[in-house]
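Read through the structure below, which is laid out as structure tokens, and then see the notes.
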Protein chains: 2
Amino acid sequence: MSNKDQLKAELADMPPAQSGRKPRKERRALADIRQENVTHIISTAERLFAEKGFSGTTLAAIAEVANLPKANVLYYFHNKAGLYQAVLDHILLVWMDDMKSMTEDVHPKEALRNYILAKVQQSKEYPHASKIFATEVIHGAENIRELLGGKLKQQFLDTCRVIRSWIAKGWMDPINPEHLLFMLWSSTQTYADFSAQITTLLGKADMADEEYENAVELITRVVLKGCGIRTV
Amino acid sequence: MSNKDQLKAELADMPPAQSGRKPRKERRALADIRQENVTHIISTAERLFAEKGFSGTTLAAIAEVANLPKANVLYYFHNKAGLYQAVLDHILLVWMDDMKSMTEDVHPKEALRNYILAKVQQSKEYPHASKIFATEVIHGAENIRELLGGKLKQQFLDTCRVIRSWIAKGWMDPINPEHLLFMLWSSTQTYADFSAQITTLLGKADMADEEYENAVELITRVVLKGCGIRTV
DNA sequence: CCACCTTCTGACCAAATGGTCAGAAGGTGG
DNA sequence: CCACCTTCTGACCATTTGGTCAGAAGGTGG
């Protein structure tokens, strides 16, 4: 099971709607209570951190939205920084999954197409994750240094090597793999991070599915043709 | 004189280095004092807001870095929000300048090339501006609603129309102008906003000029060819 | 030199915020 | 049912932070 599937399963498990009420009457097993609350707090915090940033989000706000007393939030996460780190860990699970699908054997025509589709879908399904990640990097990436310089870098270097092999095989033009990846990341993630700008400029209240499709179509077309990858 | 030139001139006027000392002994004309301090405070605040975000930046920190008493900062900007807005205004001056160079008459081969170059240079020269803008949009763009829905949107629509005219002239493939612009913005601004990630992955301490050149070269090549613009 | 500005500043304050804690409430296993 | 966990919570606290203010210091124009 991929990290992303795992996250999806968690989301599905979430208390349905909760709708502001605090049912909390049925007897819950101790073992469940902890996991349930931790998950609930993390996903609430994730939303707020994405909307307001770390410093802009107060524990009181998280507690209120999660419909729990502040002290209870602090019972599970001993301090704000700890909660933030937990949110980051939760998010980063999903982050590098998609790159793995780019391998030497697959023709870039397929591999890049799938990757772009996956990244745009990620922006659509987990916009909070993307926003927190983006804000974190913009502010210096101090809390994700380890990941950036470690697993992500490894993945990045591997993928660059794959792209070079594609070039060597004559499957695409000799372009700079590092910057190509930067281009892919930025142009896909922008649909999560900059959605406020995009919707305003497109004159829509929120991103319709159609626009994500247009995005995938445009990015795929420009990148494939731009890299000299024949698609016929 | 373009907005950007204006900003450059201001930067040049800045007290040279200041180097932590507080000379402030020579007699200064009242008229100068205000403008000088306002500029100095804004540029200091700009750096800190870019690094730590609005809520993460304290007035005390701004005052300390600016080497002024906090009360003095508040003498010029009556509250933190006002200072932030002033910083935003200062930044946004420069923001839309470059798009103006894309017109119907210019062949996209030149126009896009110049635009990409200008945007990457902007990322290099004014990374703080880009970061503040990005964070602002990520967090909902509440403080720049007016600009987004007003002048920027106008400029955006105009430029889309220009691109459509290029397509009508047969100068490029029929691609989606809106999403092409999103792609151009994101892939160029990423060199400011995500510099922490990029330098880490490239294994450099900071962005060398060479990398900006590689970025321009890659983006230009992929976009021009990807849009079916013949460059010979 | 003087009356009148603008600029500057330390001292102060109320509110917000992260975090603590003692003890109540609830679940568990024998 | 009971001793022993874990979970829950209101009350409380120290610190941080944005912001005020009275009055000192500095510049200006006559």
Side-chain angles (χ1 to χ4, degrees), chain A residues 15 18 20-42 44-46 48-49 51-88 142-143, chain B residues 15 18 21-42 44-46 48-49 51-88 139 142-143:
Chain A
Q18 184 96 4
R21 281 290 105 235
K22 191 196 285 196
R24 194 87 62 67
K25 281 299 122 192
E26 74 280 13
R27 202 182 154 101
R28 296 188 298 171
L30 262 194
D32 297 339
I33 292 177
R34 181 165 212 102
Q35 203 239 319
E36 204 169 289
N37 282 342
V38 165
T39 309
H40 182 220
I41 292 169
I42 285 184
T44 303
E46 187 176 308
L48 293 183
F49 282 140
E51 286 167 2
K52 309 267 195 174
F54 176 77
S55 311
T57 304
T58 66
L59 286 175
I62 295 172
E64 195 193 321
V65 174
N67 202 18
L68 293 171
K70 191 182 65 166
N72 201 3
V73 172
L74 281 163
Y75 167 70
Y76 288 107
F77 302 92
H78 300 329
N79 53 50
K80 193 184 175 185
L83 173 54
Y84 184 64
Q85 196 61 55
V87 168
L88 278 182
E142 283 172 32
N143 300 293
Chain B
Q18 184 96 4
R21 282 288 106 238
K22 193 194 285 195
R24 194 90 60 68
K25 281 299 123 192
E26 75 280 12
R27 203 181 152 101
R28 296 187 298 171
L30 261 192
D32 297 338
I33 292 177
R34 182 165 211 101
Q35 204 239 318
E36 205 169 289
N37 282 341
V38 165
T39 310
H40 182 218
I41 292 169
I42 286 184
T44 302
E46 188 176 308
L48 294 183
F49 282 140
E51 286 167 2
K52 309 266 196 174
F54 176 77
S55 311
T57 304
T58 67
L59 286 176
I62 295 172
E64 194 193 320
V65 174
N67 203 16
L68 293 172
K70 190 182 66 168
N72 202 3
V73 172
L74 280 163
Y75 167 70
Y76 287 106
F77 301 91
H78 300 328
N79 53 49
K80 192 183 175 185
L83 172 53
Y84 184 64
Q85 196 61 55
V87 169
L88 278 182
H139 292 353
E142 284 172 31
N143 299 293

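In what follows, chains are A, B, ... by sequence order, proteins preceding strands, each numbered from 1.
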Determine: side-chain N/O of [X] to OP1/OP2 of [N], distance under 4.0 Å, yes or no.
{"X": "Arg34(A)", "N": "dT6(D)", "result": "no"}
{"X": "Tyr75(A)", "N": "dT7(D)", "result": "yes"}
{"X": "Tyr76(A)", "N": "dT6(D)", "result": "no"}

Side chain Lys52(B), main chain Ser55(A), donor-acceptor under 3.5 Å: no
Angle between terminal axes - the helix from dC1(C)-dG30(D) to dG30(C)-dC1(D), 5 pairs each end, rounded to 10°: 20°
Lys52(B) NZ - dT17(D) C1' separation (whole Å): 16 Å
Between dG26(D) (C1') and Asp32(B) (CG): distance, integer Å: 14 Å
Sequence-distant partners of Asn143(A), side-chain contact (heavy atoms from CB on, under 4.5 Å), two or more places apart: Tyr84(A), Gln85(A), Leu88(A), Glu136(A)
Please produce a list of atom pairs where a protein N or O lies less than 3.5 Å from an N or O of nucleotides 28-30 of chain D.
from, atom 1, to, atom 2, distance (Å)
dT28(D), OP1, Leu30(B), N, 2.9

Tyr76(B): partners by side chain to side chain donor-acceptor pair (under 3.5 Å), with sequence neighbours left out: Asn37(B)
Residues which pass salt bridge (charged side-chain N to carboxylate O under 4.0 Å, His left out) with Glu51(B), listed by chain and number, not counting sequence neighbours: Arg47(B)
Check nucleotides 19-21 of chain C against the protein and report each pair of N or O atoms closer than 3.5 Å, with its distance, or say if there are none.
from, atom 1, to, atom 2, distance (Å)
dG19(C), OP2, Lys80(A), N, 2.6
dG19(C), N7, Lys70(A), NZ, 3.2
dG19(C), O6, Lys70(A), NZ, 2.9

